[in-house]
Number of protein chains: 2
Amino acid sequence: MATGRTHRPATRSRGIPEATVARLPLYLRALTALSERSVPTVSSEELAAAAGVNSAKLRKDFSYLGSYGTRGVGYDVEYLVYQISRELGLTQDWPVVIVGIGNLGAALANYGGFASRGFRVAALIDADPAMAGKPVAGIPVQHSDDLEKIIQDNGVSIGVIATPAGAAQAVCDRLVAAGVTSILNFAPTVLSVPDGVDVRKVDLSIELQILAFHEQRKAGEEAASDGGVPTAAARGESADQGPDGDMPAVMPA
Amino acid sequence: MATGRTHRPATRSRGIPEATVARLPLYLRALTALSERSVPTVSSEELAAAAGVNSAKLRKDFSYLGSYGTRGVGYDVEYLVYQISRELGLTQDWPVVIVGIGNLGAALANYGGFASRGFRVAALIDADPAMAGKPVAGIPVQHSDDLEKIIQDNGVSIGVIATPAGAAQAVCDRLVAAGVTSILNFAPTVLSVPDGVDVRKVDLSIELQILAFHEQRKAGEEAASDGGVPTAAARGESADQGPDGDMPAVMPA
DNA sequence: CAGTGTGAAATCTTTCACAGCG
DNA sequence: CGCTGTGAAAGATTTCACACTG
């Protein structure tokens with residue numbers, strides 16, 4: 001399993017680098033906040049600070065989208081919100097199904113960040129018959145027997161898998177067979193999918209392990225430096241946020 | 001806000017590239033599965049397939065750790081599990097606190113992937129007095145008034161924030177003041193922290209937006225290419241998985 | 001003259017391809 | 001002989017620094 005291919009030819013979708021695409025949602029969130037405060041324009045410096053990146057990177061990112069700023073002034077907030085939304089495809093409606101309605105699935109169903117973007121939770125699906133009919137976040141849970149029909153009736157192309165690891169691949173196969181071409185996977189498994197299907201993975205324990213690695217490193221350096229003071233701020237590591245260190249890892253077709 | 005600094009000195013902790021560190025947990029998971037099936041050795045090709053990466057990358061990654069393989073044979077599973085665990089700092093116990101026990105916090109508390117690695121949920125903290133004392137995943141929820149004491153009594157250095165966005169920065173500040181130096185943030189906000197503190201972010205809506213971008217692109221290309229054959233393999237790309245890039249994403253109640 | 005847009009340089013990451021070891 | 005380990009090439013991303021414009 002695992003896709004057979006050897007590597008990926010740098011799927012730079014249009015001309016926009018993956019790294020840039022991964023940051024657009026970040027900018028969009030910061031811009032939305034500014035928009036709500038009725039701020040009319042921002043400079044690259046200000047917006048970069050709000051998004052947690054540096055300004056050179058931000059300007060470079062925007063340069064892939066076009067020239068949407070005004071020299072000497074900055075960017076028009078509303079205009080930029082629109083341009084980025086369009087670029088990300090958020091001006092259209094994306095019906096999404098969530099499969100696996102445990103604590104995590106319920107948390108996802110309740111997450112407000114969907115509707116506010118172009119996402120709509122079209123259905124919640126679970127394999128437990130006892131869940132069927134129960135409303136979660138105001139949406140009745142449906143049984144997985146009807147998965148294919150639900151996907152087709154709602155024209156769903158994005159699926160979220162929040163099942164236990166053991167069920168993930170089977171659910172994935174059914175979603176793909178039913179027409180889903182993008183999957184967000186929360187199960188701790190490597191999913192195998194045909195070409196043309198995108199998978200992104202979110203893995204809680206992996207994130208913690210990466211933190212542990214750096215944490216361990218800090219402890220070591222501390223000891224190495226001076227005597228005690230386990231106070232933080234020991235070494236100048238700084239903190240970047242966001243998709244930093246590692247990188248994206250998924251790809252399109 | 002947003003951390004003041006301009007960027008981050010490429011925290012290549014020892015000699016291990018960030019991109020490699022981000023993949024070690026992936027290898028570890030695959031190796032653990034092999035170990036459970038009592039498989040004694042694996043080749044880079046097999047392990048790479050199981051982890052969803054290509055073998056050249058895997059070999060290069062391992063080369064940063066040392067020469068743990070045997071030419072002509074492969075890698076000893078148990079030995080590699082140990083080496084990677086040690087490198088990631090998982091041979092020691094990491095007490096973790098989760099702040100914000102909504103659906104997401106509960107999902108995290110119940111997540112089995114923690115205990116199996118070196119993580120131990122030392123405490124669950126919530127601001128709602130009504131939650132206090134209630135057991136979640138067998139652990140009684142404590143009120144946030146006692147946050148500092150809990151951190152100190154348990155020697156916690158890693159904190160997980162699963163609160164609503166509005167509360168995240170305040171919680172973060174208290175965690176840091178109490179001695180936490182690594183934070184996993186599920187709230188959709190850019191946290192501002194002093195140097196020396198690591199923050200990793202997981203944001204569900206960002207992941208979906210990235211998928212939407214590629215999904216939109218697919219729709220366009222399909223129409224553009226030829227008439228039919230929506231069979232995969234259209235464009236030659238494949239699906240890589242893993243922490244890719246940036247990462248992550250989820251949200252709170 | 002403040003602040004964008006962008007070539008060019010510096011870095012980091014991935015991939016190739018093969019020498020060499022068990 | 002098979003498979004690891006790794007220089008070197010190729011590619012992607014980030015950062016610099018400054019010309020240029022509103």
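Proteins get letters first, then strands, A, B, ... in listed order; numbering begins at 1 in each.
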### Query
When we call it a touch if two heavy atoms are under 4.0 Å apart, what does A/Gly72 touch: a base, just sugar-phosphate, or nothing?
base
### Query
In whole angstrom, what separates A/Arg59's CZ from D/dT21's P?
16 Å
### Task
Please state whether the phosphate of C/dT15, meaning OP1 or OP2, lies under 4.0 angstrom from any side-chain nitrogen or oxygen of B/Lys57.
yes
### Message
Would A/Arg217 and B/Glu87 count as a salt bridge (charged side-chain N to carboxylate O under 4.0 Å, His left out) here? Give the steps.
### Response
CA-CA 10 Å; A/Arg217 197 75 43 176; B/Glu87 198 64 59; 3.6 Å; yes
### Message
Donor-acceptor pair, distance only, cut-off 3.5 Å: does the side chain of B/Thr32 make one with the backbone of B/Leu28?
### Response
yes
### Rounded distance (Å) that lies between atom C1' of C/dA17 and atom NZ of B/Lys60
12 Å
### Task
Please report, rounded to the nearest Å, how far the P atom of C/dG22 is from the CG atom of B/Asp76.
16 Å
### Task
Quickly work out the A/Leu58 CG to D/dC16 P distance and round it to whole Å.
15 Å
### Message
Given C/dT14, D/dT13, C/dG5, identify the nucleotide with an atom nearest to the side chain of B/Ala19.
### Response
C/dT14
### Message
Quick check on C/dT6: is either OP1 or OP2 less than 4.0 Å from any side-chain nitrogen or oxygen of A/Arg71?
### Response
no
### Task
Under 4.0 Å between any heavy atoms, over every strand shown, what does B/Tyr75 touch: base, sugar-phosphate, or nothing? Just pick one.
sugar-phosphate
### Query
To the nearest angstrom, how far is A/Glu46 atom CD from C/dG3 atom P?
8 Å
### Query
Does OP1 or OP2 of D/dT4 have a side-chain N or O of B/Ser44 closer than 4.0 Å?
yes
### Message
In whole Å, I'd like the distance from the OH atom of A/Tyr64 to the C1' atom of C/dT4.
### Response
15 Å
### Query
Can you name the closest pair of heavy atoms from B/Ile84 and B/Leu24 and give their distance?
CG2-O, 3.9 Å
## Note on the structure
Taken to the nearest whole Å, CD/B/Glu45 to P/C/dT15 is 13 Å
### Query
Aromatic ring centroids of A/Tyr79 and A/Tyr68 under 6.0 Å?
yes
### Query
So, is A/Asn54 close to the D/dT14 phosphate, meaning a side-chain N or O under 4.0 Å from OP1 or OP2?
no
### Query
Counting only N and O atoms by type, is there a donor-acceptor contact under 3.5 Å from the side chain of A/Trp94 to the main-chain atoms of A/Val156?
no
### Task
Provide, to the nearest angstrom, the distance between the CD atom belonging to A/Glu18 and the C1' atom belonging to C/dT14.
15 Å
